[in-house]
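Ligands are counted one by one from 1 in listed order, and the atoms in each one are counted from 1 as well. Positions are given from 1 along the sequence.
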Amino acid sequence: MSSNSTIRSICCIGAGYVGGPTMAVIADRCPDVKVTVVDINQDRIAAWNHPDLSKLPVYEPGLDAVVERARGRNLFFSTAVEETIASADMVFISVNTPTKTRGLGAGQASDLRWVEACARTVAKEATGHTIVVEKSTLPVRTAEAVKAILGSVDSSSEQKTFSVLSNPEFLAEGTAIRDLANPDRVLIGGENAEAIDALAEIYQQWVPEEKILRTNLWSSELSKLTANAFLAQRISSINSVAALCEATGADVREVAKAIGTDSRIGPKFLNAGPGFGGSCFQKDILNLVYLCRHFGLPDVADYWESVVLLNTWQQHRIARLVVQKLFGTVTGKRLAILGFAFKADTNDTREAPAIRICKDLLEEGAQLAIHDPKVDPEQISRDLNLIASQAPEEDAGPTRGALSGEATWWPSPDVASAIRGADAVLILTEWQQYRELDWSTLAPLMRKPAWVFDARGVVDPKQVESGGLNVWRVGEGDA
Ligand code: UDX
Ligand code: ADP
């Protein structure tokens, strides 16, 4: 960091999937700026401070190395929210903004109670001039609310002033460190040129100037929602075509390649799968839908809502298809679920397609052996709303649960033990290790006739079939 930089001390409120990695990279690239990430969740902060870097609360390739370099030097994790805000020149708000579950806008609007609480704490604790940066994805015009709260502070006794900026984060989980180190663009929205320059100066330490885009506050907030809506729309589009491919004998991978070579369409984000998950896409589109209705644009709202409806449909469709292929019933049958995270290279399960698909199968009375290399089994219990049972003894035959039709699940430490005795395997996350499975040794472990349902298109169907198994691959029709 150049010594004439305006910002010496940064506080980031929220040590989650966005705040943690983003601040780690800022601290790494700006060694002269003190960066403190605060959170009210003590366990999370303790995990960020854990000497064993494999225990960090967020799994991201490359994150451990960045944290190791900066932690204790100019990167700190703390629960001292108030003190850290008081001594900061710049405060990032990076807290959770889930979809509201009740009240006005329930099911669509973002729940801004944590953002509001933060703004109130900042209003109370800040000293001198503080630049407040919205990092969480927020509905358009949230900055207005933040500004109103900051503006209501009684500054007669002490000199406090604020500038509010919007600086949405475009990182994708699993590639967070790469995305942060080499972003397509950095977006800074605001009204105060000096504040914008101060934040731009931080990013200029490693991002070329032409990639730093300056906009007004509302454009910045809306750009984030729109980027996510466009990306999600591509996935729903390709998944809708996948269903048509299965019905007609086309192959969605061939179609994706054919259309992706059109430079106007481009090859990225055209992988058909079990539908999108993650903390952003569904939430942000629903937010957009809510905003459109609020601003009297019901047709625009319906247009975007269909992207989410198609996604949910795809997940139910896959569960339904599994049941149909297994003679119309999975009651008491053992199914191996490979992958629970919403995508590879993350331990995050928020909105993971596996949740809806597994719930549908449990509803049918299935017995699920779930394997995921990074997801904590306790998280799976919470997501499925069902406590894990003991893995059945090998060769013990049908379990008591199976005979009574009771739905159960248990965590499997490895792929082979998940697959042993199973009638079907469902691949729901594209972990690299699932691409490399040796089906000649796995196939004999299954009860025949057995199926592999590859919702991510990662297996080689010929190899699976040569093991005597039936294969269904997303988007592949019988030619
Ligand atoms: C997304 C945006 O990419 C990122 O810019 C924003 O900041 C946050 O939301 P993320 O949710 O981490 O990032 O992951 P992303 O890689 O976008 O994947 C989202 C979901 O779409 C995953 O479930 C993934 O499996 C699915 N997906 C993605 C597909 O099904 N097919 C594809 O071709 C790409
Ligand atoms: P994201 O994916 O956007 O980073 P997360 O849910 O992973 O979201 O992280 C948000 C974090 O913000 C959580 O660890 C939560 O404890 C923290 N948080 C929420 N409200 C506050 C607050 N008022 N003060 C400090 N931390 C907060």
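Residues that satisfy the side chain to side chain donor-acceptor pair (under 3.5 Å) test with S220, not counting sequence neighbours, are S166.
A donor-acceptor pair under 3.5 Å is absent between the side-chain atoms of E246 and the main chain of G477, judged by distance alone.
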- Please assess Y17 against E169 for the test side chain to side chain donor-acceptor pair (under 3.5 Å), listing each intermediate value before the final yes or no. CA-CA 11 Å; Y17 283 89; E169 187 45 67; over 6 Å; no
- Item | Working for side chain to side chain contact (heavy atoms under 4.5 Å, CB included), residues V25 and I177 | CA-CA 7 Å; V25 169; I177 300 302; 4.0 Å; yes
Show me the short polar-atom pairs for ligand 1: any N or O of it lying under 3.5 Å from a protein N or O, with distances only.
{"residue": "ligand 1", "atom": "5 (O)", "partner": "F170", "partner atom": "O", "Å": "2.7"}
{"residue": "ligand 1", "atom": "7 (O)", "partner": "E169", "partner atom": "O", "Å": "3.2"}
{"residue": "ligand 1", "atom": "7 (O)", "partner": "F170", "partner atom": "O", "Å": "3.4"}
{"residue": "ligand 1", "atom": "7 (O)", "partner": "L171", "partner atom": "O", "Å": "2.9"}
{"residue": "ligand 1", "atom": "7 (O)", "partner": "K224", "partner atom": "NZ", "Å": "2.8"}
{"residue": "ligand 1", "atom": "12 (O)", "partner": "E173", "partner atom": "N", "Å": "2.6"}
{"residue": "ligand 1", "atom": "14 (O)", "partner": "K343", "partner atom": "NZ", "Å": "3.0"}
{"residue": "ligand 1", "atom": "16 (O)", "partner": "K343", "partner atom": "NZ", "Å": "2.7"}
{"residue": "ligand 1", "atom": "23 (O)", "partner": "G277", "partner atom": "N", "Å": "2.9"}
{"residue": "ligand 1", "atom": "23 (O)", "partner": "F342", "partner atom": "O", "Å": "2.9"}
{"residue": "ligand 1", "atom": "25 (O)", "partner": "R456", "partner atom": "NH1", "Å": "2.8"}
{"residue": "ligand 1", "atom": "31 (N)", "partner": "N271", "partner atom": "O", "Å": "2.8"}
{"residue": "ligand 1", "atom": "33 (O)", "partner": "L270", "partner atom": "N", "Å": "3.3"}
{"residue": "ligand 1", "atom": "33 (O)", "partner": "N271", "partner atom": "N", "Å": "2.9"}

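Not a single heavy atom of S136 lies less than 4.0 angstrom from ligand 2.
Heavy atoms of R113 found under 4.0 angstrom from ligand 2: none, in either backbone or side chain. Residue contacts with ligand 2, taken as heavy atom pairs separated by less than 4.0 Å, involve I13 solely via side-chain atoms from C-beta onward.
Taking the six-membered ring for Trp and thresholds of 30 and 60 degrees, W206 and Y203 have ring planes inclined between 30 and 60 degrees apart.
When only interatomic distances are considered, the shortest N/O to N/O separation between W114 and ligand 2 does not fall below 3.5 Å. For R350, a nitrogen or oxygen atom sits less than 3.5 Å from a nitrogen or oxygen atom of ligand 2, counting backbone and side chain alike.
Put simply, the side chain of L386 does not reach to within 4.5 Å of the side chain of I380, judged on heavy atoms.
A salt bridge is absent between E363 and R356; no separation between the charged side-chain nitrogens and carboxylate oxygens falls under 4.0 Å. The residues R293 and D302 are annotated as salt-bridged, a charged nitrogen and a carboxylate oxygen being separated by less than 4.0 angstrom.
The ligand atoms of ligand 2 that sit less than 4.0 angstrom from a heavy atom of N41 are 16 (O).
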